[in-house]
2 protein chains.
Amino acid sequence: MSRPTLADVAARAGVAISTASRALHRPGRIRAETAARVRAAADELGYVPSAAARQLHRSSAGAVALVVPDLTNPFFMALVRGSTRLLRAHDVVQVVADVEEEPESEEQTLAALAGRVDGMLLAASRLDAATLSTWSRRVPLVAVNHDAGDPEVPTVTIGTQGVEEAVEHLAGLGHRHLAYASGPATSWADARRRTAVVETCARLGVRLTDLGHHPPRRDAGAAAADAVLRSGATAVLTFNDLQAFGVLDRLASRGVQVPEDVSVIGHDDIFGADLTSPALTTVTVPAEELGARAAARLLGAVGLATAAPSAPPAATGPASTGPDRLATHLTVRGSTAPV
Amino acid sequence: MSRPTLADVAARAGVAISTASRALHRPGRIRAETAARVRAAADELGYVPSAAARQLHRSSAGAVALVVPDLTNPFFMALVRGSTRLLRAHDVVQVVADVEEEPESEEQTLAALAGRVDGMLLAASRLDAATLSTWSRRVPLVAVNHDAGDPEVPTVTIGTQGVEEAVEHLAGLGHRHLAYASGPATSWADARRRTAVVETCARLGVRLTDLGHHPPRRDAGAAAADAVLRSGATAVLTFNDLQAFGVLDRLASRGVQVPEDVSVIGHDDIFGADLTSPALTTVTVPAEELGARAAARLLGAVGLATAAPSAPPAATGPASTGPDRLATHLTVRGSTAPV
DNA sequence: GTGAAAGCGCTAACAG
DNA sequence: CTGTTAGCGCTTTCAC
């Protein structure tokens with residue numbers, strides 16, 4: 001037998017479907033005894049209301065999706081945590097989907113999820129600006145750390161203060177030749193970050209070697225490390241901490257001392273950044289706040305923010321206000337030193 | 001205006017609503033020209049089919065949910081990755097939800113998601129056996145690493161080989177007094193793991209101090225570390241690696257040498273375990289396989305496994321066969337040494 | 001307080 | 001090939 005429906009419950013309780021519906025979701029409008037009978041019937045049957053059927057009537061699904069490129073990257077875990085908190089406080093269900101860094105997979109996921117949620121949070125989307133704009137017309141979405149340049153697409157990003165500080169920090173330490181390991185070619189954040197590094201280096205009169213694109217994974221750090229050594233740079237900035245970990249791994253296995261021989265600076269300040277030896281100097285990103293801010297913006301856009309929060313929203317800050325660009329800053333640990 | 005419906009698309013394309021439906025989802029049964037016209041209309045309108053409405057007809061939602069206690073624990077990231085892969089290969093959408101280690105939050109999530117998916121994977125549930133059984137009657141679910149003892153609840157767990165090896169390893173190193181830091185009181189896995197430690201210690205004639213329950217987080221490791229020192233044990237096993245990291249942190253700040261003064265063994269072999277210094281000796285768990293196995297079982301249970309995989313399933317192993325208890329093993333790194 | 005009936009957006013028989 | 005017509009499970013007027 002298939003899953004029981006409201007009709008089954010009503011029959012078992014000896015009432016009309018509408019009565020059963022009210023008894024279950026509209027407390028007070030039904031005689032206590034009747035309501036109890038209905039609830040009992042529902043319980044015995046193991047009845048679970050079909051969200052699909054309800055959604056057909058309500059204007060909203062009461063759920064939003066968060067799409068991330070790689071759930072195994074600790075950076076996104078923190079982001080998820082931030083949006084989860086905010087969303088839960090507003091009684092909206094959050095579902096997260098991992099698209100494994102693949103643009104096609106990302107679009108498939110969008111297509112699959114768009115129809116079942118009220119809106120979506122797209123974290124570090126690997127889609128191009130045009131595709132993003134198109135989807136934005138189909139379903140309410142807010143882009144996190146990816147500015148499509150389309151004013152119609154709500155966006156919340158992070159600033160480049162952190163990477164500028166990083167370059168300045170290195171320059172201050174006496175480094176005259178830096179290297180930057182880029183992330184995915186499809187990453188908006190990487191383009192932005194690279195530009196910041198280039199400009200800051202130019203401003204400071206520091207030489208910069210572009211190491212080219214590398215997957216945002218730990219294992220990609222090896223190639224980056226080799227490239228750094230080849231370049232002759234005395235310090236390297238990586239697109240993210242995962243790559244930095246990999247650089248550290250490789251440098252260690254090649255007998256290169258960090259920070260004595262080469263300084264390393266990552267980005268994100270993910271879980272584990274303080275675990276390495278030396279501990280990683282990196283750019284700290286308010287990932288959790290980023291997630292919360294994005295979620296708040298989405299709620300505002302889809303008109304769900306008005307729902308009485310089940311918990312004081314104070315903890316998560318104003319619902320849909322605040323800057324849409326969060327500041328980052330350098331966190332100095334052991335992986336950097338004077339030349 | 002609200003989101004466009006199929007009726008809007010049909011009107012715009014000048015066809016019947018059913019024709020529009022077929023044009024969009026049943027390629028071939030419609031004249032190419034007509035189909036193109038419909039697709040164009042859909043595109044212009046930014047039409048997105050309502051998953052809710054479709055689900056009302058199809059028997060399945062084409063989606064399953066994965067519920068985890070803490071997405072910020074790297075262990076679960078790996079598990080997520082495993083189920084994601086398997087599920088994607090079968091064209092079923094996976095949504096993951098984080099319940100932040102709170103049983104109430106877990107039940108709320110179950111209630112919210114049960115009606116919109118075909119089944120759920122409950123990872124390391126913090127619910128008690130009875131509650132789990134009850135939910136299992138309402139919605140197809142498979143429990144991961146939590147055996148409710150109810151044969152009706154499909155379960156996939158991990159064995160205790162790893163922790164036994166850990167105790168044997170320590171005993172072989174000459175340790176005569178161990179300590180075990182438990183995880184959450186509501187964790188089935190912890191109870192199981194603790195029993196294994198107790199029994200192995202008894203078998204080997206090694207003294208054991210039970211440090212009591214500690215949250216499965218890094219910050220909880222401090223208290224555990226202090227307790228170890230107080231106990232006089234020369235080695236400590238923790239419920240998970242997060243706690244082990246915390247123990248390492250605390251020990252270091254108290255000037256206690258690892259592994260010279262006290263040996264530390266964690267559990268899970270999560271991201272970062274090889275990053276610490278000394279690198280963490282820990283029990284390796286096939287998390288990704290665990291996720292895949294659980295997903296496969298769920299697909300089998302809800303009859304979705306038959307869907308022609310869009311990718312060869314070979315990579316993920318047999319769909320719904322294989323043991324429901326996966327083996328673990330000790331991975332020795334630097335945090336253990338002879339007394 | 002409770003029942004009857006009309007859809008929500010879509011798919012799936014049935015006709016044409 | 002394409003249009004008509006029932007519902008899917010549920011909420012919601014509108015009567016009683």
Side-chain angles (χ1 to χ4, degrees), chain A residues 1-39 41-42 45-63 111-118 138-139, chain B residues 1-39 41-42 45-63 111-118 138-139:
Chain A
M1 191 192 84
S2 177
R3 266 150 80 161
T5 75
L6 194 50
D8 299 323
V9 175
R12 188 169 233 266
V15 298
I17 291 188
S18 52
T19 302
S21 173
R22 284 184 281 246
L24 261 19
H25 304 292
R26 201 67 32 134
R29 302 193 65 70
I30 290 296
R31 182 153 44 115
E33 190 214 326
T34 310
R37 194 145 40 89
V38 172
R39 261 193 305 272
L45 260 31
Y47 169 74
V48 175
S50 157
R54 308 189 70 175
Q55 187 173 339
L56 232 34
H57 281 268
R58 312 174 155 300
S59 48
S60 85
L113 255 28
R116 37 184 113 229
V117 297
D118 296 320
R138 301 206 236 265
V139 56
Chain B
M1 191 192 82
S2 177
R3 267 150 79 162
T5 74
L6 194 49
D8 299 324
V9 175
R12 188 170 235 264
V15 299
I17 190 170
S18 55
T19 303
S21 173
R22 283 184 283 246
L24 260 20
H25 304 291
R26 202 68 34 134
R29 301 193 65 69
I30 292 293
R31 187 161 33 124
E33 190 213 325
T34 310
R37 194 146 37 90
V38 172
R39 263 193 303 274
L45 261 30
Y47 169 73
V48 175
S50 157
R54 307 188 71 175
Q55 188 173 337
L56 233 34
H57 278 268
R58 310 174 156 300
S59 48
S60 84
L113 256 27
R116 39 183 109 230
V117 298
D118 296 320
R138 301 206 234 266
V139 55

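Below, all heavy atoms of this structure are taken into account, side chains as well, without hydrogens, waters or symmetry copies.
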Rounded at 0.5 Å granularity, tell me how far [atom1] in [X] sits from [atom2] in [Y].
X: A/L6; Y: A/I17; atom1: CG; atom2: CD1; answer: 6.0 Å
X: A/Q55; Y: A/D118; atom1: CD; atom2: CG; answer: 7.0 Å
X: A/Y47; Y: A/R3; atom1: OH; atom2: CZ; answer: 10.5 Å

remark   = When rounded to whole Å, the CD1 to P distance for the pair B/I30 and D/dC1 reads 9 Å

Side-chain donor/acceptor of B/R116 to backbone N/O of A/A61, under 3.5 Å = yes

note = Sequence neighbours excluded, the answer for side-chain hydrogen bond (donor to acceptor under 3.5 Å, both in side chains) partners of B/S18 is B/R22

key: Sequence-aligned protein contact record of nucleotides 8-16 of chain C, with B where the base is within under 4.0 Å of a protein heavy atom and S where only the sugar-phosphate is   = BBBBBB---

